[in-house]
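Shown next, in structure tokens, is the structure this report addresses.
We use all heavy atoms of the structure for the numbers below, so side chains are in, but hydrogens, waters and symmetry mates are not. Residue numbering restarts at 1 for every chain, and letters A, B, ... go by the order of the sequence lines.
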Amino acid sequence: RKEVEQDPGPFNVPEGATVAFNCTYSNSASQSFFWYRQDCRKEPKLLMSVYSSGNEDGRFTAQLNRASQYISLLIRDSKLSDSATYLCVVLSNTGKLIFGQGTTLQVKP
Amino acid sequence: EAGVTQFPSHSVIEKGQTVTLRCDPISGHDNLYWYRRVMGKEIKFLLHFVKESKQDESGMPNNRFLAERTGGTYSTLKVQPAELEDSGVYFCASSQAPYEQYFGPGTRLTVT
């Protein structure tokens, strides 16, 4: 079983749509969680950290459910520029990042 | 402030040859990480330096891979001899604290 699992998609949505990505992690002792964004042939860039209380940054909302070991990312009012691969990432207790395979989002006009 | 830089951006070598990748972290960052993405797979951790010391090298695939960080500044990752399965994108990241890692643009390695 992979340490971090994501639905690879692709998710094809029209502009203005709301889209949600989900992710599960296997290590119940994990403490820190993130969503990274990766554009084609570019490096991963931190989109947002994920906290137990849930957190919002503009059109983006991240949620963490520790009991279910489940992380989500909600994007509202999708823009063409949101098209990218979204990576669910868990920080191990040794400081290394553990990545999911990524979910591809394509926003269409 | 300059970000993490990596050199070269692309490298095409033949099986059996040697390749050395370089990473320059953000100035002042003690933590330096190497990751790799093989086609069709997730990004995977290779190793972690704190200054010049190897903190964790549990992700290094085998002894054909050698990483160094002399003086605690830039790092090199040497693959010798390269095999076909070493092809992929090698990312370097640096950080002050582990949870905020900044990635370089990566080196795309193709072994033919």
>> Would you say that more than 12 heavy atoms from the other residues, nucleotides or ligands in this model lie under 6.0 Å from the OH of A:Tyr70, or not?
In response: yes

> Do A:Tyr36 and B:Gln101 touch side chain to side chain, with heavy atoms closer than 4.5 Å?
Replying inline: yes

>> With a 4.5 Å cut-off on side-chain heavy-atom distances among I, L, V, M, F, W and Y, is there a chain of contacts connecting B:Phe103 to A:Leu46?
In response: yes

>> Quick check on the hydrophobic clustering: are B:Phe7 and B:Tyr74 connected, directly or via other members, by side-chain heavy-atom contacts under 4.5 Å?
In response: no

>> So which atom in B:Arg108 and which in A:Arg41 form the shortest heavy-atom distance, rounded to 0.1 Å?
In response: NE-NH1, 3.1 Å

> Atom SG in A:Cys88, atom CD in B:Glu42: separation rounded to 0.5 Å?
Replying inline: 12.0 Å

> Quick one: do A:Ile71 and A:Phe11 end up in the same hydrophobic cluster if we chain Ile, Leu, Val, Met, Phe, Trp and Tyr together by side-chain heavy atoms under 4.5 Å apart?
Replying inline: yes

>> When you compare the side chains of B:Arg37 and A:Gln38, does any donor N or O come within less than 3.5 Å of an acceptor on the partner?
In response: yes

> Are A:Met48 and A:Tyr25 joined in one hydrophobic group, where the rule is that I, L, V, M, F, W and Y side chains link up if heavy atoms are under 4.5 Å apart?
Replying inline: yes

>> How about NZ on B:Lys54, more than 12 heavy atoms from neighbouring residues, nucleotides or ligands closer than 6.0 Å, or not?
In response: yes

> What's the spacing between B:Lys44 NZ and A:Lys96 NZ if we round to 0.5 Å?
Replying inline: 10.0 Å

> Who among B:Ile43, B:Leu47, B:Val89 has the most heavy-atom pairs with chain A under 4.5 Å?
Replying inline: B:Ile43

> Which answer fits A:Leu87, side chain, backbone, both or neither, if we ask what part of it has an atom under 4.5 Å from a heavy atom of chain B?
Replying inline: side chain

>> So for atom CD, which belongs to A:Glu3, do other residues, nucleotides or ligands contribute more than 12 heavy atoms lying within a distance under 6.0 Å?
In response: no

> What's the shortest heavy-atom distance between B:Phe91 and A:Pro44, and which atoms?
Replying inline: CE2-CD, 3.9 Å

> Are A:Val13 and A:Trp35 co-members of a hydrophobic cluster defined by side-chain heavy atoms under 4.5 Å apart?
Replying inline: yes

> Checking A:Lys2 against chain B: side chain, backbone, both or neither under 4.5 Å from a heavy atom?
Replying inline: side chain

>> With a 3.5 Å distance limit and no angle check, can you tell me whether A:Gln101 reaches the backbone of B:Gly40 through a side-chain donor-acceptor pair?
In response: yes

> Checking side-chain contact (heavy atoms from CB on, under 4.5 Å) against A:Leu97, which of B:Tyr35, B:Tyr33, B:Phe45 comes through?
Replying inline: B:Tyr35

